[in-house]
Protein chains: 2
Amino acid sequence: MSSTARTYHHGNLRATLLQRAEDALAAGEDLSLRELARRAGVSHAAPRRHFADKQALLDALAEDGFSRLGAQLSQAATGPDFSTRLLGFARAYVTFAVEHAALLELMFAGKHRSAGVRAASERAFAGPLSMIVAGQEAGEVVPGTLEEVATVAVATLHGLAAMVNNGMLEAAALDEIVPAAVERLELGLRPRPSGA
Amino acid sequence: MSSTARTYHHGNLRATLLQRAEDALAAGEDLSLRELARRAGVSHAAPRRHFADKQALLDALAEDGFSRLGAQLSQAATGPDFSTRLLGFARAYVTFAVEHAALLELMFAGKHRSAGVRAASERAFAGPLSMIVAGQEAGEVVPGTLEEVATVAVATLHGLAAMVNNGMLEAAALDEIVPAAVERLELGLRPRPSGA
DNA sequence: ACCTGAACACCGTTCAAGT
DNA sequence: ACCTGAACACCGTTCAAGT
């Protein structure tokens with residue numbers, strides 16, 4: 001009933017700009033604040049009301065990306081046992097990375113990383129990683145090495161994603177290499193068989 | 001004897017521009033072709049003679065980076081046994097990544113990656129990785145999983161480097177986490193103890 | 001409160017012209 | 001062969017002014 005359309009530049013310019021920015025990223029275009037404003041139908045100075053500068057818009061984009069990534073990871077990190085949850089997490093991560101290559105690169109860009117983006121990235125991984133180990137019997141996972149393995153897990157998956165997104169690795173190879181990488185991570189989590 | 005100085009804009013402008021670009025990267029500055037030309041003492045149109053456009057200069061920078069990274073990796077991937085060589089490789093990789101954070105990000109940037117850059121990245125890793133397994137006795141390494149493990153190894157190290165360079169991980173944590181990651185990779189390379 | 005229009009100081013790229 | 005100077009079409013950012 002309420003007119004959701006034509007509410008442009010009257011309340012939701014911020015959301016519109018972010019959407020247009022994501023469209024441009026997905027299309028492989030460079031981000032220009034002036035071009036974004038043009039596509040939103042406002043003057044080039046209008047975005048200033050919602051984003052202090054271009055970097056602020058990029059930060060908002062990155063935070064949004066981490067929020068969605070975290071949600072997809074949490075959803076995927078489910079299943080009856082540890083193995084299934086870790087593999088679900090891994091597949092969800094590389095899927096997001098391949099489907100949003102440019103956004104992921106922006107999310108992990110080293111320069112000018114705001115405190116908000118850093119916090120968003122921690123939230124995105126902390127939740128699903130804790131789900132993976134939740135409810136595990138004591139004998140299945142070595143607790144001491146957990147944070148260490150979590151870091152290595154994220155690093156490995158992010159590295160694979162980076163290699164696919166820049167042509168060092170074929171996307172098709174992920175079907176084989178992701179389970180292999182997960183198997184290697186699991187080996188580190190299990191108590192050593194040599195009980196001595 | 002021969003005058004190496006004051007040979008500017010008479011033969012080595014290309015090398016001078018690349019050097020200035022690396023200086024700017026190391027200083028955390030944004031790269032501007034016009035600013036680079038200014039610092040080299042030439043007009044803003046002069047770089048055109050040596051680089052078709054800005055991307056060509058970035059590609060040359062990335063190729064150079066991979067060449068140096070490959071040399072350092074080859075030098076570090078030495079030692080009496082497989083373990084030592086893999087750990088040397090890993091430490092050399094993260095050292096390069098931390099010391100040349102902006103350059104590494106440029107080297108792995110997904111956008112506009114030229115065939116030359118892709119070839120340089122393959123050269124940088126192929127050599128040292130083959131050194132790691134060279135001279136191994138058949139029983140120590142599972143040959144079939146070698147390329148797979150090499151990919152996972154590079155991915156893991158690159159992921160750790162990316163996490164350090166964007167603040168998700170403290171650089172000091174690498175001293176502990178790199179050997180841990182290497183140990184996990186090694187487990188995957190060894191033949192399974194359950195000989196059945 | 002939210003947006004516009006002009007202005008400022010930069011870009012990358014092109015091209016005739018110089019030496 | 002290598003470089004210059006002017007020109008073109010863009011940027012991001014700022015700020016007085018409008019409604």
Side-chain angles (χ1 to χ4, degrees), chain A residues 2-25 27-62 102 105-106 109-114 117, chain B residues 2-25 27-62 102 105-106 109-114 117:
Chain A
S2 63
S3 59
T4 54
R6 204 148 298 119
T7 333
Y8 269 27
H9 52 278
H10 284 300
N12 59 357
L13 176 57
R14 190 193 139 96
T16 302
L17 287 169
L18 286 175
Q19 186 57 58
R20 294 284 182 279
E22 284 233 21
D23 295 346
L25 272 185
E29 302 167 19
D30 287 334
L31 287 189
S32 149
L33 229 42
R34 289 178 101 112
E35 179 64 25
L36 257 32
R38 239 171 261 133
R39 295 187 191 182
V42 294
S43 84
H44 64 265
R48 192 82 210 295
R49 289 292 125 186
H50 303 93
F51 302 101
D53 54 19
K54 188 180 183 178
Q55 190 57 48
L57 183 140
L58 297 181
D59 286 348
L61 223 41
E105 194 169 333
L106 189 151
K111 308 277 282 185
H112 309 304
R113 229 162 168 258
S114 72
V117 173
Chain B
S2 63
S3 61
T4 54
R6 207 148 295 118
T7 331
Y8 270 26
H9 52 280
H10 283 299
N12 58 359
L13 177 56
R14 190 193 140 97
T16 302
L17 287 169
L18 287 175
Q19 186 57 58
R20 293 284 182 280
E22 283 233 22
D23 295 345
L25 272 185
E29 303 167 18
D30 287 335
L31 287 189
S32 149
L33 229 42
R34 288 179 100 112
E35 179 63 25
L36 258 32
R38 240 172 260 134
R39 295 188 191 181
V42 294
S43 83
H44 64 266
R48 194 80 209 298
R49 289 292 125 187
H50 303 94
F51 302 102
D53 54 20
K54 188 180 183 178
Q55 190 58 48
L57 184 140
L58 297 181
D59 286 349
L61 224 42
E105 193 170 332
L106 189 151
K111 307 277 283 187
H112 309 304
R113 232 166 166 256
S114 71
V117 174

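Chain letters run A, B, ... following the sequence lines, proteins first, then strands; residues in each count from 1. Everything quoted here is computed from the prediction, not taken from an experiment.
Residue A:Asn12 contributes atom CG, which lies 15 Å from atom C1' of C:dA1 at whole-angstrom precision. Regarding B:Glu35, its CD atom lies at a distance of 14 Å from the C1' atom of C:dG12, rounded to whole Å. Rounded to whole Å, the distance from CG on A:Leu17 to P on D:dG12 is 12 Å. The distance from atom CG of B:Leu13 to atom C1' of D:dC3 is 9 Å, rounded to the nearest whole Å.
In this structure, the separation between NZ on B:Lys54 and CG on B:Leu31 is 6.0 Å, given to the nearest 0.5 Å. Atoms NE2 and CG, from A:His50 and A:Leu13 in turn, are 5.0 Å apart once rounded to the nearest 0.5 Å. Going from atom CZ of B:Arg14 over to atom CZ of B:Arg49 covers 15.0 Å, rounded to the nearest 0.5 Å. The structure places CG of A:Leu58 at 8.5 Å from CG of A:Leu33, a figure rounded to the nearest 0.5 Å. Interatomic distance, OG of B:Ser43 versus CZ of B:Arg38, reported as 11.0 Å (0.5 Å rounding). Rounded to the nearest 0.5 angstrom, A:Asp23 CG and A:Gln19 CD are separated by 5.0 Å.
With hydrogens and angles ignored, the 3.5 Å screen pairs a side-chain donor or acceptor of B:Arg48 with a backbone N or O of B:Ala52.
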Which is it for A:Leu61 and A:Glu22 under the side chain to side chain contact (heavy atoms under 4.5 Å, CB included) test, yes or no, and what are the steps along the way? CA-CA 8 Å; A:Leu61 223 41; A:Glu22 284 233 21; 3.7 Å; yes

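Counting only heavy atoms from C-beta on, A:His44 has its side chain closest to C:dA7 among C:dT13, D:dT4, C:dA7. Side-chain proximity of B:Arg34 to the nucleotides C:dT4, D:dA7, C:dG5 is greatest for D:dA7. Each of C:dT13, C:dC3, D:dC3 was ranked by its minimum atom distance to the side chain of B:Leu33; first place goes to C:dT13.
Side-chain atoms of A:Arg48 and base atoms of C:dT4 include no donor and acceptor less than 3.5 Å apart.
Counting only Watson-Crick and G-U wobble pairs whose two key distances fall under 3.5 Å, DNA chain D forms stems of three or more stacked pairs at C:4-8 with D:12-16, C:12-16 with D:4-8.
At a threshold of 4.0 Å, the pair B:Glu105-A:Arg113 does not count as salt-bridged, since none of the basic side-chain nitrogens sits closer than that to a carboxylate oxygen.
Backbone-only contact: A:Ser32 has heavy atoms under 4.0 Å from sugar-phosphate atoms and none from a base.
Contact between the side-chain N/O atoms of B:Arg38 and the OP1/OP2 oxygens of C:dC11 is found at a separation under 4.0 Å.
For the segment residues 49-61 of chain B, the set of residues with a heavy atom within less than 4.0 Å of an atom of DNA chain C comprises B:Asp53, B:Lys54, in numerical order.
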